[in-house]
*Asks:* 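The structure follows.
If you read the sequence from its start, that first residue is 1, and numbering goes on from there.
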Amino acid sequence: MVLLVVYWENEGLHKRMAKLSIIVPAYNEEDFIHEVVTGLLSIRPQIIEETTLDDVEIIVVDDGSRDQTAKLLKDILQKETADHFQVVQHEENRGYGAALKTGFNAAKGEFLSFMDADGTIDPRAFAKMHETLEKENADMVVGTRFGNKGSQMPLTRKVGNRFFALLLSFLAGQRVKDTASGMRLFKREALRMLLPLPDGLHFTPAMSTKALHERIKIAEVPIPYAERQGASKLSVVSDGLRFFRIIVGTVLMYNPFKVFLFFGLLFELVAGLLWSIPLYELFSAKDLLFSDYIYRSIGGVYFSIIGVQIILFGVLARFIVSTFFRQHEPGVLIHKVNRMFRVYDWMGIYGMGVLSIGILINAAYFWKYLFGGGIIFHWAWLLLAAGMIIVGVQMLITGIVMRILKDIKACLVEKDPPEVLSDIS
């Protein structure tokens, strides 16, 4: 019986020996900072009571505020002398992400989290988020601002956030609801897999994008969201473009082929539309203006060649990532194609084949023109030959670059442990 009681007590201690660090970045938040911080301090015991956490520390990072934010924080600090609350100062404004990273460096918790200081988020949601993290054995929990009917996010920002969520869901192949949420809770070891991250407001979409591609298990919890009073620091246009660049740029680090394939197929679609009318008229024996016929055909060739070149760049980029980057997205489609046709190994051979066919068609065309008494081939064959020569040269060059990269990898393997470098898929 004594052993059972000791075991039970030790088990209970084991379950509660965990600390959560909540980081609150603040820049010119004099209208909200006192209410947000004092509210968070008052809710702290409730978070501990409702979770298996042993302690919760609160770290506010004043990111070089020029208003009364620093003074208000100093007043709170004088009244709240416990070691579970501290304020870190930046002498000048470094950015939202930089403030969060300063807070992470100062944090002592096994679990890290952050929330905005603009009064739009209810910190009581941290209890539910930590419960979800443990229940689902997740690495990160994101508070989604769209799950509640009472969400007061302005329409413009709601549309923008929905767009970025759909974009990332498509590119990453995993559905996400909110890419830029300013309320998250995650394991400390997960942060090591996500760094480096940017210093600006695009910190959160970059974190979401990298987390999905680093195979970090993410759970989402709906949180209440109140409309911000006063002007937002987020610019719909400039920050929206920055969000787009960071999402697409990060995806290119892990799975570039998917991005290149998407844009390459768009060009091929345009080429198909340009060719559709001449082909329809040809097979239906209807008359078509020669100018319309030739211009559409030439335009179709242009778009088709560009589309193929974009896709080839995607294959090469995917090859580079899978050769030198340990954590890369497997890319099911390109993996199956490569396994079936050995694209990486035989790209140069395929290029030589396409180039040779183009040269032969071209040679036959001009041979007939010079020595056969005139042109008997349709000019479209000459256009096709030109396209095949351009694509063939591109494929040949891509194959040569792949061969060079393979040789470089072979040299690196001799210098570094094999587990540092990934096998070519």
Side-chain angles (χ1 to χ4, degrees), residues 5-26 29 32-63 72-89 99-117 119 121-143 181-195 207 211 216-219 221 223-224:
V5 172
V6 171
Y7 173 79
W8 180 266
E9 290 180 350
N10 288 337
E11 184 69 11
L13 287 172
H14 172 71
K15 287 183 178 180
R16 294 186 63 84
M17 287 301 292
K19 186 173 187 176
L20 171 66
S21 299
I22 302 176
I23 316 301
V24 184
E29 296 289 1
F32 311 102
I33 193 65
H34 185 273
E35 180 183 355
V36 168
V37 175
T38 54
L40 187 53
L41 287 166
S42 66
I43 291 171
R44 175 181 169 272
Q46 180 182 337
I47 297 174
I48 297 174
E49 180 64 28
E50 295 179 1
T51 64
T52 58
L53 292 166
D54 181 61
D55 191 16
V56 173
E57 68 170 345
I58 299 163
I59 302 172
V60 182
V61 182
D62 176 24
D63 189 27
L72 293 170
L73 287 172
K74 185 177 180 181
D75 293 342
I76 299 172
L77 193 60
Q78 288 176 346
K79 298 175 183 177
E80 191 77 25
T81 56
D83 59 1
H84 58 254
F85 175 63
Q86 62 173 304
V87 177
V88 182
Q89 297 279 346
L100 285 174
K101 286 184 276 189
T102 295
F104 296 150
N105 287 331
K108 300 181 179 66
E110 294 85 357
F111 299 97
L112 303 175
S113 63
F114 59 87
M115 62 173 284
D116 294 337
I121 295 174
D122 187 346
R124 285 175 291 189
F126 279 124
K128 178 64 175 177
M129 293 172 70
H130 184 267
E131 178 188 352
T132 302
L133 187 85
E134 291 192 323
K135 185 177 180 181
E136 299 189 16
N137 193 27
D139 300 303
M140 175 186 295
V141 177
V142 178
S181 171
M183 190 174 195
R184 303 176 184 227
L185 190 153
F186 46 93
K187 298 175 182 177
R188 179 180 284 274
E189 54 265 27
L191 181 63
R192 299 189 183 98
M193 300 174 66
L194 297 173
L195 295 175
M207 173 181 268
I216 290 175
K217 186 176 180 180
I218 302 176
V221 173
I223 60 172

*Asks:* Could you tell me whether the side chain of Glu57 reaches within less than 4.5 Å of the side chain of Gln86, counting heavy atoms only?
*Replies:* yes
*Asks:* I'd like to check the side-chain hydrogen bond (donor to acceptor under 3.5 Å, both in side chains) partners of Glu189; sequence neighbours left out, ordered by chain and number.
*Replies:* none
*Asks:* What's the shortest heavy-atom distance between Ala125 and Ile223, and which atoms?
*Replies:* CB-CG2, 3.7 Å
*Asks:* Go through the side-chain N and O atoms of Glu134 and Thr52 and say whether any donor and acceptor fall under 3.5 Å apart.
*Replies:* yes
*Asks:* Could you tell me whether the side chain of Val141 reaches within less than 4.5 Å of the side chain of Arg184, counting heavy atoms only?
*Replies:* no
*Asks:* If you take all heavy atoms of Gly103 and Ile23, which pair is closest and at what distance?
*Replies:* O-CD1, 3.5 Å
*Asks:* When you compare the side chain of Val61 with that of Val24, does any pair of heavy atoms fall below 4.5 Å?
*Replies:* no
*Asks:* Is any side-chain heavy atom of Leu20 closer than 4.5 Å to a side-chain heavy atom of Ile22?
*Replies:* yes
*Asks:* Working to the nearest 0.5 angstrom, can you tell me the gap between Ser181 OG and Met207 CE?
*Replies:* 11.0 Å
*Asks:* Arg188: what forms a side-chain hydrogen bond (donor to acceptor under 3.5 Å, both in side chains) with it, not counting sequence neighbours?
*Replies:* none
*Asks:* Let me confirm one number: the CG-CG distance from Asp83 to Asp55, rounded to the nearest 0.5 Å.
*Replies:* 7.0 Å
*Asks:* Is there a side-chain contact between His34 and Ile76 in this structure, where contact means two heavy atoms from C-beta onward sitting under 4.5 Å apart?
*Replies:* yes
*Asks:* Calculate, to the nearest 0.5 Å, the distance between atoms NE2 and NZ belonging to His84 and Lys19 respectively.
*Replies:* 10.0 Å
*Asks:* Do Leu53 and Phe111 come within less than 4.5 Å of each other through their side chains, counting heavy atoms only?
*Replies:* yes
*Asks:* Report the C-alpha distance between Val37 and Phe85 in whole Å, list the side-chain angles of each, state the deciding distance to 0.1 Å, and finish with yes or no for side chain to side chain contact (heavy atoms under 4.5 Å, CB included).
*Replies:* CA-CA 10 Å; Val37 175; Phe85 175 63; 3.7 Å; yes
*Asks:* Tell me, with the steps shown, if Phe104 and Phe186 meet ring pair (Phe, Tyr, Trp, His ring centres under 6.0 Å).
*Replies:* CA-CA 11 Å; Phe104 296 150; Phe186 46 93; 5.7 Å; yes
*Asks:* When rounded to the nearest 0.5 angstrom, what is the spacing between CG in Leu72 and CZ in Phe32?
*Replies:* 12.5 Å
*Asks:* Please report the shortest heavy-atom distance between Arg44 and Val56, naming the atom on each side.
*Replies:* NE-O, 2.5 Å
*Asks:* Less than 4.5 Å apart, side chain to side chain, heavy atoms only: is that true for Asp62 and Val88?
*Replies:* no
*Asks:* By side-chain hydrogen bond (donor to acceptor under 3.5 Å, both in side chains), which residues pair with Lys101, not counting sequence neighbours?
*Replies:* Asp199
*Asks:* Just by modelled atom types, is the Gly109 backbone N or O under 3.5 Å from a matching donor or acceptor in the Ser21 side chain?
*Replies:* yes
*Asks:* Testing the basics here: between Met183 and Asp122, what is the closest heavy-atom pair and its distance to 0.1 Å?
*Replies:* CE-O, 3.5 Å
*Asks:* Can you give me the closest heavy-atom contact between Ile43 and Pro123, atom names plus distance?
*Replies:* CD1-CG, 3.6 Å
*Asks:* Could you tell me if the side chain of Leu133 sits less than 4.5 Å from the side chain of Leu185, heavy atoms only?
*Replies:* yes
*Asks:* Measure the spacing between CE of Met140 and CE of Met129 and express it to the nearest 0.5 Å.
*Replies:* 9.5 Å
*Asks:* Considering non-hydrogen atoms only, spot the tightest contact between Ile33 and Ala26 and give its length.
*Replies:* CD1-CB, 3.8 Å
*Asks:* Return the CD to CD distance between Gln46 and Glu50, rounded to the nearest 0.5 Å.
*Replies:* 4.5 Å
*Asks:* I'd like to know if the side chain of Lys217 and the backbone of Glu136 have a donor-acceptor N/O pair within less than 3.5 Å.
*Replies:* yes
